[in-house]
Amino acid sequence: MSYNFKEIEKKWQKYWEEIGLFSVDNKDRSKSKYYCLVMFPYPSSELHVGHARNYIIGDAVVRYKIMQGYKVLSPMGWDAFGLPAENQAIKHNIPPRVWTYNNIRRIKQQLNSWGIGYDWKREVTTCEPSYYKWTQWFFLKLFEKGLAYKKKAEVNFCPSCQTVLANEQVINGQCERCSAEVVQKELEQWFFKITAYAERLLEDLKLLEHWPERVKIMQENWIGRSEGVEIDFSLKGKDFKIRCFTTRVDTIFGATFLALSCEHPLAGELIKDSPNFQELKKFVEKVRNQPKSARLQESFEKEGVFTGKFAINPMTGEEIPVWLANYILTEYGTGAIMCVPAHDRRDYEFAKKYNLPIKEVIKKLKANSKDLEPVYEGEGVLVNSGNFSGLTSAEAKEKIALYMEEHNIGKRAVNYKLRDWLISRQRYWGAPIPIVYCKECGIVPVSEKDLPVLLPENVEFKPTGESPLNFVEEFLKCECPKCGQKAQRETDTMDTFVDSSWYYLRYISSQDNEKPFDSEDVNYWLPVDQYIGGVEHAILHLMYSRFINKFLYDLGLVDFKEPFKRLFTQGMIVKDGAKMSKSKGNVVSPDYIIDRYGVDTMRLYILFMGPPQKDAEWQDEGLTGCFRFLKRAFRLLELVKDLKLKPQSSISQPQSSEERDLLKKLHFTIKEVTQDMEGDFQFNTAISKIMELVNEIYKKIQSPHFKIQINTLTEAIKTVFLLLAPFSPHIAEEAWRILGGKDSIFKEKWPEYDEKYLVEEELELAVIIKGKVRARVKVAANISEEELKNKVLSLEKVKHHLKGESPKKVIYIKNKLVNIVV
RNA sequence: GCCGGGGUGGCGGAAUUGGCAUACGCGCCGGUCUCAAAAACCGGUCCUGCUCGUCGGGAUGCGGGUUCGACUCCCGCCCUCGGCACCA
């Protein structure tokens with residue numbers, strides 16, 4: 001009986017499809033549900049083994065949960081809108097739709113050939129009108145609630161992709177996709193008001209017990225909540241005030257100047273009568289033209305110009321100069337800050353350069369002679385701070401804030417780093433924003449009944465920096481939904497992250513033409529029990545999805561606050577120390593692996609190569625080990641045939657110590673493998689334990705004293721394949737039938753262990769003297785401590801190692817070891 | 001700079017959470033089978049010393065500490081990978 005993997009794989013894939021193993025309805029609710037979601041792919045090119053890990057992990061979970069008796073939902077779809085399709089189209093003159101669908105076809109075929117189980121009747125494709133109709137519908141809902149708005153904004157623009165990028169898509173001042181240097185541009189853009197949900201997005205992270213800590217921390221940092229005080233600084237000779245946000249109000253007595261960002265709304269008003277107006281104007285101009293990316297350079301130098309104006313420090317009454325400075329962020333806080341050079345490195349740098357006063361107001365609690373730093377940024381005790389001197393920073397923050405509120409100087413405030421989500425894209429291949437511009441009525445939303453706003457085909461989309469749809473007359477011209485007059489459509493399309501922020505809901509009602517999803521069904525299936533995907537989505541996709549979910553919660557369309565109960569982020573597969581990518585030429589294609597070793601070997605190796613949440617180095621040689629193992633396991637079946645065994649289920653009393661051993665190993669393996677599955681998906685150790693069980697079976701049957709009941713042996717072999725089924729399903733299904741199984745192995749229950757086989761009667765303990773194992777001793781499990789000590793001390797080896805010294809103490813750790821202290 | 005992950009044989013990686021370090025797999029060495037090779041199977045494989053044993057010493061990035069006992073806990077460093085980065 002040879003292991004003909006090619007035949008086996010085809011046969012069972014066809015069978016699973018025929019019996020609809022992964023097809024589930026929304027109606028029957030007799031079983032517990034389990035929604036296992038794998039992040040859907042962007043269909044750009046065919047998948048390599050690095051991508052495969054994601055789907056294989058998901059499939060292992062799905063099959064395991066099916067065997068545990070859950071009603072498992074495992075859907076798949078395509079994140080099909082996006083830039084690469086359009087770039088390809090420009091380059092090779094293939095319509096984006098054609099390119100995208102070719103890729104979808106190929107990837108789908110790959111997933112099927114790997115035996116990954118999906119309920120394909122729920123398939124969604126975000127570039128289909130039946131899908132983006134609802135993406136547009138969500139836009140209308142957000143617009144209705146004032147959460148989608150348009151504003152002129154300084155935006156990140158990629159000159160290579162000729163489009164606007166979200167802050168999140170700018171990495172080190174470069175475009176996330178093409179690495180071109182991003183520039184600033186001022187454009188009218190659509191935003192989603194995600195900041196309205198900042199507090200809840202932060203607060204509800206607490207509900208996500210089963211998310212990796214690091215992902216939650218990343219989101220927390222991204223939201224970037226900080227508490228502080230907004231202080232109004234009066235200006236000498238002006239009748240308006242400058243408001244500053246600070247988290248360190250305890251340092252207010254050390255504030256020796258103010259600094260405003262050049263784009264500060266009051267900057268113009270402030271400097272219009274300054275004697276050095278020309279200089280100031282030039283400076284503002286210069287800063288405006290500085291690309292944001294330059295700020296990230298190490299060499300970026302703080303610069304500023306004195307406005308000639310003075311503000312009053314409300315606590316000291318001192319007149320302090322007001323500056324315009326290039327290091328003040330317009331978008332954060334109030335765009336103006338009070339500067340405390342003694343206790344802020346940046347302010348210090350600036351003060352040194354322009355010779356501004358530095359006044360120490362915080363003393364470190366435990367001063368250290370090693371402290372040579374001119375700037376102390378930590379907390380401590382206040383000095384030179386009037387009535388507040390002597391307080392600790394924490395106390396002072398409280399008391400000064402109170403004082404300011406009482407005297408109308410300032411009030412407590414909270415700030416977030418999170419920005420609103422810029423969703424406009426000046427590109428073709430995306431969902432059109434359902435908005436119409438009318439001369440009479442202004443910005444008018446398309447009515448729901450007119451959705452979808454169809455994306456026209458056959459469009460000339462050269463990158464011009466303008467939306468390609470601008471040049472499509474039939475699209476552009478329309479009637480105003482309000483007054484019926486001639487009007488124009490919005491020609492920007494939506495960021496693809498909008499598409500992917502709700503796809504997991506559409507799977508539930510993928511065929512519904514009346515609404516985006518059926519709330520009742522969605523409330524049954526969701527929240528997602530297990531979400532699986534790469535860490536690269538830790539911030540963007542997961543934050544946007546959480547936001548949209550909360551919005552739907554507020555609309556009463558879903559009854560859960562968070563969409564994903566558990567999150568698993570798998571590590572990357574690297575080759576030669578680098579991420580697999582076509583440009584690096586280090587991609588491993590699954591095809592030749594499958595041809596040589598089969599799908600089950602590939603799946604097994606990918607799961608065996610290391611803990612799935614960590615990055616792992618691909619080694620072709622590793623495959624051979626898994627291939628050998630599968631062949632070896634398969635050969636066990638010959639044994640059953642040779643011995644003319646028929647699978648039976650009952651086992652009588654074990655008849656030999658070999659048999660007892662084997663049963664123990666068997667039940668121990670079940671226990672351990674199940675634990676590994678239930679834990680953090682420790683497939684690698686689960687598989688190694690199944691390997692051990694197979695090794696043990698071979699060892700036992702090769703033992704000269706081999707005396708074993710056939711039922712025990714069959715039971716052991718059956719268990720090997722049951723445990724293996726989630727990882728290498730095809731060989732497991734084949735083996736199951738050879739062993740006499742009538743129905744699919746996936747209709748079989750996941751094995752359970754019996755504690756009675758795990759009870760030890762005799763133990764082998766290690767005897768440790770001076771930190772090393774010096775002897776081993778076999779004792780009855782119920783031996784008394786006294787008895788054991790006597791036995792151990794009488795051992796020849798122990799006496800030898802003690803060399804006449806008498807032991808100070810003998811420590812017995814039950815079932816483990818004996819430590820003799822001298 | 002801040003936050004987080006990690007550092008264990010020639011390699012991928014285990015270690016019941018403070019209790020026998022190096023499971024499982026790869027590679028390598030030796031053997032069986034073969035005209036031969038492949039496949040398969042059996043045995044060996046952390047380093048080191050010697051009197052080659054049921055022997056001794058050393059080893060989990062480095063240096064200290066707690067403990068009968070530390071890969072695991074504490075303190076101080078080094079390296080590496082990821083995230084954020086002038087956020088007041």
Side-chain angles (χ1 to χ4, degrees), chain A residues 2 171-172 212-222 224-226 228 244-248 251 255 259 295-296 300 302 325-329 331-340 343-347 349-350 377 415-419 535-536 538-539 571-572 574 577 604-605 608-611 613-626 628-629 631-632 635 671-672 675 682 684-692 694-695 698 702 764-776 796-797 800 807-822:
Chain A
S2 73
I171 312 293
N172 285 332
E213 212 51 45
R214 64 171 168 157
V215 173
K216 286 192 277 186
I217 289 169
M218 277 194 237
Q219 293 221 345
E220 200 180 310
N221 291 342
W222 192 262
R225 181 185 199 274
S226 48
C244 297
F245 174 73
T246 179
T247 55
R248 291 297 304 273
T251 64
R295 289 187 160 181
L296 299 161
F300 186 78
K302 291 176 181 41
N326 65 351
Y327 71 101
I328 313 302
L329 299 170
E331 325 85 68
Y332 184 78
T334 61
I337 60 166
M338 64 173 216
C339 300
V340 186
H343 303 293
D344 183 286
R345 212 178 303 238
R346 298 153 299 180
D347 299 344
E349 207 183 301
F350 194 83
E377 293 190 300
N415 261 296
Y416 301 91
K417 290 184 195 170
L418 186 72
R419 294 286 113 80
V535 232
E536 65 272 19
I539 299 173
M572 258 185 335
V574 296
L604 194 68
Y605 173 58
F608 180 64
M609 62 193 298
Q613 63 274 61
K614 286 211 262 172
D615 289 355
E617 171 81 29
W618 180 272
Q619 294 179 318
D620 277 354
E621 308 81 48
L623 284 161
T624 60
C626 290
R628 280 208 272 262
F629 165 69
K631 282 194 288 186
R632 198 163 136 86
R635 239 181 295 120
K671 185 180 176 182
E672 293 279 300
Q675 256 170 29
Q682 295 148 65
N684 54 328
T685 49
I687 292 164
S688 77
K689 279 156 198 160
I690 304 172
M691 287 171 169
E692 280 184 62
V694 170
N695 290 346
Y698 274 107
Q702 280 159 5
E764 197 189 55
L765 301 174
V767 182
I768 293 169
I769 303 165
K770 283 191 279 185
K772 281 223 155 193
V773 184
R774 306 294 174 169
R776 292 181 181 280
E796 269 313 309
K797 272 183 145 181
H800 172 250
K808 216 184 266 171
K809 218 197 234 173
V810 179
I811 298 159
Y812 173 44
I813 308 299
K814 206 166 173 351
N815 301 346
K816 279 174 186 150
L817 50 81
V818 185
N819 192 0
I820 301 172
V821 187
V822 273

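Proteins come first, then strands; the chains are lettered A, B, ... in the order of their sequence lines, and each starts at number 1. Keep in mind the model is a prediction, meaning the values are calculated, not measured.
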Side-chain contact test, heavy atoms from C-beta onward, threshold under 4.5 Å: evaluate it for [X] versus [Y] and give yes or no.
X      : Y      : value
A/N326 : A/K302 : yes
A/M338 : A/T251 : yes
A/R419 : A/E331 : yes
A/R214 : A/V535 : yes

Considering every strand and a 4.0 Å limit on heavy-atom distances, what is the contact class for [X]: base, sugar-phosphate, or nothing?
X      : answer
A/I217 : sugar-phosphate
A/N819 : base
A/R225 : nothing
A/K689 : nothing
A/D347 : nothing

If we call it a pair only when both distances are under 3.5 Å in a Watson-Crick or G-U wobble match, what pairs with [N]?
N      : result
B/rG9  : none
B/rG82 : B/rC3
B/rC35 : none
B/rU72 : none
B/rG43 : B/rC29
B/rU66 : none

Whole angstrom is fine here: how far is it from [atom1] in [X] over to [atom2] in [N]?
X      : N      : atom1 : atom2 : result
A/E692 : B/rC24 : CD    : C1'   : 6 Å
A/E672 : B/rA15 : CD    : C1'   : 11 Å
A/D620 : B/rC26 : CG    : C1'   : 12 Å
A/L604 : B/rG25 : CG    : P     : 12 Å
A/N695 : B/rC24 : CG    : P     : 7 Å
A/K216 : B/rG4  : NZ    : P     : 14 Å
A/D615 : B/rG5  : CG    : C1'   : 10 Å
A/N221 : B/rG5  : CG    : P     : 12 Å

Glycosidic conformation of B/rG9, syn or anti, with 90° from 0 as the boundary?
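What B/rG9 shows is a syn base, its glycosidic angle lying within 90° of 0.
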B/rU17 glycosidic torsion: syn (within 90° of 0) vs anti
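Syn, angle within 90° of zero.
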Please state whether the phosphate of [N], meaning OP1 or OP2, lies under 4.0 angstrom from any side-chain nitrogen or oxygen of [X].
X      : N      : answer
A/Y327 : B/rA88 : no
A/S226 : B/rA88 : yes
A/R345 : B/rA88 : no
A/R628 : B/rA40 : yes
A/R632 : B/rA39 : no
A/K631 : B/rA40 : yes
A/N684 : B/rA14 : yes

Identify which nucleotide among [options] has an atom closest to any side-chain atom of [X], counting heavy atoms from C-beta outward.
X      : options                : value
A/I813 : B/rG19, B/rC24, B/rA88 : B/rG19
A/Q619 : B/rG12, B/rG27, B/rC68 : B/rG12
A/W222 : B/rA85, B/rA88, B/rC68 : B/rA85
A/V821 : B/rG6, B/rG19, B/rC68  : B/rC68
A/P611 : B/rC41, B/rC20, B/rG13 : B/rG13
A/L817 : B/rC20, B/rG25, B/rA88 : B/rC20
A/T685 : B/rC68, B/rA21, B/rA14 : B/rA14

Given the [atom1] atoms of [N] and [M], what is the spacing between them in whole Å?
N      : M      : atom1 : result
B/rC74 : B/rG56 : C1'   : 33 Å
B/rG63 : B/rA70 : P     : 15 Å
B/rG6  : B/rU16 : P     : 14 Å
B/rG61 : B/rU51 : P     : 34 Å
B/rG44 : B/rC26 : C1'   : 16 Å
B/rU72 : B/rG57 : C1'   : 24 Å
B/rU22 : B/rU34 : C1'   : 36 Å
B/rG18 : B/rG5  : C1'   : 23 Å

Using 0.5 Å steps for rounding, measure from the CD1 atom of A/I820 to the NZ atom of A/K809.
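Reported value, rounded in 0.5 Å steps: 13.5 Å.
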Does A/K216 come within less than 4.0 Å of A/E213, counting only side-chain N to carboxylate O?
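Yes.
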Modelled atom types, side-chain donor and acceptor of A/Y327 and A/D347, under 3.5 Å:
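Their side chains do contain a donor-acceptor pair, which is all the 3.5 Å distance test asks for.
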Return yes if the base of B/rC20 and the side-chain atoms of A/R776 contain a donor-acceptor N/O pair under 3.5 Å, otherwise no.
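In this structure, the two groups form a donor-acceptor pair.
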Please figure out whether A/G610 or A/A766 has its closest RNA chain B nucleotide nearer the 5' end.
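Result of the comparison: A/G610.
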Closest-nucleotide 5' rank along RNA chain B - winner of A/M218 and A/R774:
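Taking each residue's closest nucleotide, the earlier one in sequence belongs to A/R774.
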Taking all heavy atoms of A/L817 and all of A/L765, pick out the closest pair and write down the distance.
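Nearest heavy atoms, A/L817 then A/L765: N-CD2, 4.1 Å.
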Looking at every non-hydrogen atom in both residues, tell me the closest pair between A/E617 and A/M609 and how far apart they are.
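So the minimum-distance heavy-atom pair works out to O-CE, 3.4 Å.
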